[in-house]
Amino acid sequence: RARVDGQGPVDTDVTGAVEKSYAAGVTDELTNRFKTELDRDEKLSQIAANANAYDDTSLLELALDVPESIDFVANYPNAQKSGQAYSDAVSKGTAPELYDWDIRWGAVAYGEHPLAVSGSGPTAFSMAYMGLTGSADKTPADMAALASGQNCATGDSGTDGAFFEAAAEGLGLQVKSHESSPANLTEVLDAGTYLLVEAKAGTLTETAHWVLLVT
């Protein structure tokens, strides 16, 4: 609410100011993209102003590193810290694209952090489970609970790889370990098998991170 000429405050309607930030004649698609980015900037400012409300600074880093997570991080202080059901459609043979910081499970405690920043293992495993079974009854929060119950919420990536084999039978899945090599990766993927891979720190992300590979 400051005058552009710097001559002091002016009683300006915020909504009107935002509306005027779009030039006339801009397509709806571009307008929506601008609105999304402006909304994110506003929420990022909100996060910064309330930084002391976050007991885990890794959430603040998440908002800065992953713009798509800003809504989640902004809502985190008041978010439910329990998991919610996954209600989106799931098809057997197609792994859904899930994110650690989804509002439905990102605030759940996992290891030493919220699942949003430490839950790549449970999230990748949940994606594989949904794609292989066609069922959505095991969300990342459910997988995180299983891993925690088996004392596997540990390691550089936040999840010990032994968890997947230990939990597989109870989920109706088969999990087999493979030596990491280009030949093995190609052979397994060509066979239509899903691969859970723990990427080392400094490759995809600053810290070690579980990903799901599919054809």
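Here, residue 1 is the first one in the sequence, and each next residue gets the next number.
No side-chain heavy atom of Phe125 sits less than 4.5 Å from a side-chain heavy atom of Leu146. Between Leu171 and Thr133 the shortest side-chain heavy-atom distance does not fall below 4.5 Å. When side chains are defined from C-beta on, Val117 does not count as touching Glu61, because their heavy atoms never get closer than 4.5 Å. Looking at heavy atoms from C-beta onward, Pro96 lies out of side-chain contact with Asp88 at the 4.5 angstrom threshold. At least one side-chain heavy atom of Thr159 sits less than 4.5 Å from a side-chain heavy atom of Pro122. Using a 4.5 Å cut-off on side-chain heavy atoms (C-beta onward), Asp102 and Pro140 make no contact.
With hydrogens and angles disregarded, no donor-acceptor distance shorter than 3.5 Å links the side chain of Trp210 to the backbone of Gly119. Put simply, the side chain of Thr139 never gets that close to the backbone of Tyr86: no donor and acceptor are under 3.5 Å apart. The backbone N or O of Gly111 sits nowhere less than 3.5 Å from a side-chain atom of Ser118 that would complete a donor-acceptor pair. Side-chain atoms of Thr193 never come within 3.5 Å of backbone atoms of Leu189 as a donor-acceptor pair (strictly under, hydrogens ignored). Not a single donor-acceptor pair under 3.5 Å links the side chain of Asp56 to the backbone N or O of His113. Counting only distance, with no hydrogens or angles, the side chain of Thr57 and the backbone of Leu60 share no donor-acceptor pair below 3.5 Å.
In terms of heavy-atom proximity, Lys138 sits nearest to Met130 at O-CE, 3.6 Å. The two residues Met127 and Glu97 have their closest heavy-atom pair at CE-CA, 4.2 Å. In terms of heavy-atom proximity, Ala79 sits nearest to Ile103 at CB-CD1, 4.3 Å. Scanning all heavy atoms of the two residues, the minimum distance from Gly106 to Phe72 falls at C-CZ, 3.4 Å. Minimum heavy-atom separation, Val211 to Ala124: C-CB, 4.2 Å. When every heavy atom of Ser120 is checked against every heavy atom of Asp100, the shortest pair comes out as N-OD2, 3.2 Å.
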Using the rule given for side-chain contact (heavy atoms from CB on, under 4.5 Å), can you reason through Leu59 versus Trp101, listing the C-alpha separation, both sets of side-chain angles and the distance that settles it, and then say yes or no?
CA-CA 10 Å; Leu59 288 167; Trp101 38 263; over 6 Å; no
Quick one: do Phe164 and Leu173 satisfy side-chain contact (heavy atoms from CB on, under 4.5 Å)? Show the steps, please.
CA-CA 10 Å; Phe164 306 120; Leu173 304 177; over 6 Å; no
Does the pair Leu195 and Leu212 meet the rule for a side-chain contact (heavy atoms from CB on, under 4.5 Å), with working shown?
CA-CA 6 Å; Leu195 273 173; Leu212 180 69; 5.9 Å; no
Check the pair Leu44 / Val73 against side-chain contact (heavy atoms from CB on, under 4.5 Å), numbers first and verdict last.
CA-CA 9 Å; Leu44 196 58; Val73 177; over 6 Å; no
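Side-chain N/O atoms of Glu165 and Ser177 include a donor and acceptor closer than 3.5 Å.
Counting non-hydrogen atoms of neighbouring residues, nucleotides and ligands closer than 6.0 angstrom, the CD atom of Glu37 exceeds 12 such neighbours. By the 6.0 Å contact criterion, NZ on Lys200 is open, its count of non-hydrogen atoms from other residues, nucleotides or ligands being 12 or less. Annotation for Asp156: atom CG does not count as buried by contact number, only 12 or fewer foreign heavy atoms lying within 6.0 Å.
Checked for salt-bridge contact, Lys43 and Asp39 miss the test: no charged N lies under 4.0 Å from a carboxylate O.
Taking CG from Leu64 and CD1 from Ile70, the interatomic distance works out to 7.5 Å, rounded to the nearest 0.5 Å. Separating the CD atom in Glu198 from the OG atom in Ser180 is a distance of 10.5 Å, to the nearest 0.5 Å. Rounded to the nearest 0.5 Å, atoms CD (Gln174) and CG (Leu132) are 10.5 Å apart. Interatomic distance, Tyr129 OH to Asp137 CG, rounded to the nearest 0.5 Å: 3.5 Å. Taken to the nearest 0.5 Å, the CG atom of Leu115 stands 8.5 Å off from the OG atom of Ser148.
Two different hydrophobic clusters hold Leu185 and Val214 under the rule that ILVMFWY side chains link at heavy-atom gaps under 4.5 Å. If you chain together hydrophobic residues whose side chains sit under 4.5 Å apart, Tyr194 and Val90 fall into the same group. Both Leu204 and Leu213 sit in one connected hydrophobic cluster of ILVMFWY residues. Membership requires side-chain heavy atoms under 4.5 Å apart, directly or through other members.
In terms of the salt bridge (Lys or Arg N to Asp or Glu O under 4.0 Å) criterion, Asp190 has no residue partners (sequence neighbours excluded). Qualifying side chain to side chain donor-acceptor pair (under 3.5 Å) partners for Tyr76, counting only residues two or more places apart in sequence or in other chains: none.
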